[in-house]
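Here the structure is a predicted model, which means the values were calculated and not measured. Each residue takes its place number in the sequence, starting with 1. Just so it is clear, the values below take in all heavy atoms, side chains as well, and ignore hydrogens, waters and symmetry mates.
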Amino acid sequence: MEGDVEVAKTMEKLLGEKATLLFEEVQRQRKHISGLFDDEPEILMTEQRYGFIAGIMREVVKSAPRARADMSRSIDLVLTNRYLGFPLFLFFIWAMFQLTFTLGALPMEWIEAGVELLSEVLVEVLPAGLFADMLVNGVLAGVGAVIVFLPNILILFFCIAIFEDTGYMARAAFLMDKVMHLVGLHGKSFIPLLMGFGCNVPAIMATRTLENERDRILTILINPLMSCSARLPVYILLAGTFFAARAGTVIFGIYVLGIVLAVLLGRLFRSTILKGESAPFVMELPPYRLPMLKSLLLHMWDRAKMFLRKMGGIILVGSIVIWFLSSFPQTVTLPFDYEAAFNELSSQHEAGLAATDDAEKMAALTQEYEIAVARLTHQQEAQIRERSYLGRMGKAIAPVFEPLGFDWRATVAILSGFVAKEVVVSTLAVLYASDDDPDSANLSEALLRSGMTPLAGLAMMAFVLLYVPCLATVAMIRQETRSWQWTGFMVVYSTVLAWIVAFVIFQGGRALGLG
């Protein structure tokens, strides 16, 4: 990669004709690296080498204060300062989530309006029936409820790409090294944990870089407590609904909760089931760079593609399955005679119209009649949904989640999140599509009208953060640990922890008189 002539000759001797394939691949990679960083690979590798040396020096050498001309070292005097470094790191993370929520609010509203408009058009164009209902209340309600969070996801990944490309991410790992020692790990374990904020699957794969087996297992066990981007739509929905003015701060608090619990549980596991000394660690500190817009956009798009692929895959399928389970059986016995109620409303409306010749009064009576019919229709649909297959499942297990402030619909949404955390939002959208108000097309409004309180919303965010990760993550844990015991332990402990924390938040908040 550095163009060393002697190494090239050695490769030709070792590989013969196959060396040509190696050299072609090397040229492709050199071109790719030069395009990303706008610099020669030789220079980049030299900087990385000296960055590693600087990391060793900072770890083991104490020097008297002296004038430093090097800009990276000057910046590090502030950003890696033992007193200022960690508060600054927390501030940058808080600012990232605040920016993600506030800056993403406007495009989020545009996408939401577009989804609602498309829904209205489909209702007008398609003939009434099961297919139209599946398309509007299943596919569009489920996928549309998640895709509105695409701007927030893009902003979050753009900010993370800035941290990576400027060189600050390495400083974050350096700062966290002391925190990781509290757990019995070191800064090298922080890299997989940090990757967990993007996706837990590659983060768990990244634990292969840890030489010590106990360190690997411990890092894998606490990795799901790092809130992946799939959970972000749930946070944005609930925080935006119940804590609009302070949504960014609330989301930041949820992420901090995961980190704090990871530290506490890591310490507990290290002192009980995974006893042992942690390996030494030297952190590489590359020089600071001005990030290139092209590189930032590429990083952002690579991560966003994963989100979009889920839209057309697991979330689409999940939305259809949830719609089917919530729409069947088609014939159920209701505790109220809705047909008689509709007939009575119609008779009252006709009698009211017959009793007056005033056009304005007749228009007002018609409007009242239409609102009453719409409300009664929504109540009927809600009753039917409660008696669907999904409603029965939710009602059966609802007592377990009732102490957390969740109704049967929120309970079903939580269960569906085992497939993928974004499905929690699409499930809520499908189940709350039928509410007791005709204007509840907006999911946030439907949640508010459902009786869910801010305290229950906060408990649900905490539960989504902590309970068993998605199916793909569980499969990866089984693959990397090569043990069903460790996998089962992670599933059980994370779910129990989620229930306890959500219970403390909800019941503790109620005991303190919080709404």
Side-chain angles (χ1 to χ4, degrees), residues 1-2 29-30 32-61 63 66-97 99-100 154-180 186-198 202-203 206 209 226 229 255 259 281-303:
M1 291 291 286
E2 291 180 294
Q29 295 300 333
R30 283 173 59 88
H32 177 67
I33 291 172
S34 297
L36 276 180
F37 296 101
D38 196 26
D39 213 338
E40 293 297 320
E42 292 87 348
I43 296 173
L44 292 167
M45 291 179 191
T46 301
E47 287 181 345
Q48 293 296 313
R49 201 170 281 125
Y50 278 98
F52 183 76
I53 293 168
I56 296 175
M57 297 291 287
R58 186 168 271 284
E59 286 279 347
V60 301
V61 176
S63 57
R66 64 181 183 273
R68 298 173 187 240
D70 183 83
M71 184 177 291
S72 289
R73 292 186 181 183
S74 300
I75 297 172
D76 278 341
L77 286 174
V78 177
L79 294 185
T80 63
N81 182 278
R82 66 170 62 188
Y83 302 111
L84 296 176
F86 197 70
L88 284 172
F89 170 66
L90 291 178
F91 170 76
F92 290 144
I93 299 298
W94 171 83
M96 178 176 71
F97 291 121
L99 189 69
T100 297
L154 290 174
I155 294 167
L156 176 69
F157 285 143
F158 187 80
C159 292
I160 291 174
I162 290 175
F163 289 157
E164 290 175 345
D165 287 9
T166 55
Y168 183 69
M169 198 66 88
R171 273 74 184 177
F174 177 82
L175 289 168
M176 290 299 294
D177 186 44
K178 291 179 181 176
V179 177
M180 298 306 294
H186 50 66
K188 199 170 185 179
S189 294
F190 179 66
I191 303 300
L193 293 176
L194 198 64
M195 290 176 67
F197 288 117
T209 60
M226 301 298 106
S229 60
Y255 276 76
I259 294 169
F281 171 59
V282 174
M283 185 69 242
E284 179 180 345
L285 296 178
Y288 287 100
R289 286 180 164 275
L290 188 66
M292 291 177 60
L293 183 61
K294 176 185 175 183
S295 178
L296 294 176
L297 293 176
L298 279 173
H299 282 132
M300 180 182 72
W301 177 242
D302 281 343
R303 289 165 171 85

Axial cation check for F89 ring with R171, 6.0 Å and 45° limits: no

Atom of [X], atom of [Y] and distance for their closest heavy-atom approach:
X: L36; Y: M292; value: O-SD, 3.1 Å
X: P291; Y: T166; value: CD-CG2, 3.5 Å
X: A203; Y: P192; value: CB-O, 3.1 Å
X: M226; Y: L193; value: CG-O, 3.3 Å
X: L175; Y: G85; value: CD1-O, 3.6 Å

Straight-line distance of [X] [atom1] to [Y] [atom2], nearest 0.5 Å:
X: S229; Y: L156; atom1: OG; atom2: CG; value: 7.0 Å
X: D76; Y: R73; atom1: CG; atom2: CZ; value: 9.5 Å
X: I162; Y: L290; atom1: CD1; atom2: CG; value: 10.5 Å
X: Y288; Y: L79; atom1: OH; atom2: CG; value: 4.0 Å
X: Y168; Y: I160; atom1: OH; atom2: CD1; value: 13.5 Å
X: E164; Y: R289; atom1: CD; atom2: CZ; value: 14.5 Å

Over 12 foreign heavy atoms within 6.0 Å of CE, M45: yes

[Y] and [X], any side-chain heavy atoms less than 4.5 Å apart:
X: R30; Y: E42; answer: yes
X: I93; Y: F163; answer: yes
X: F158; Y: I155; answer: no

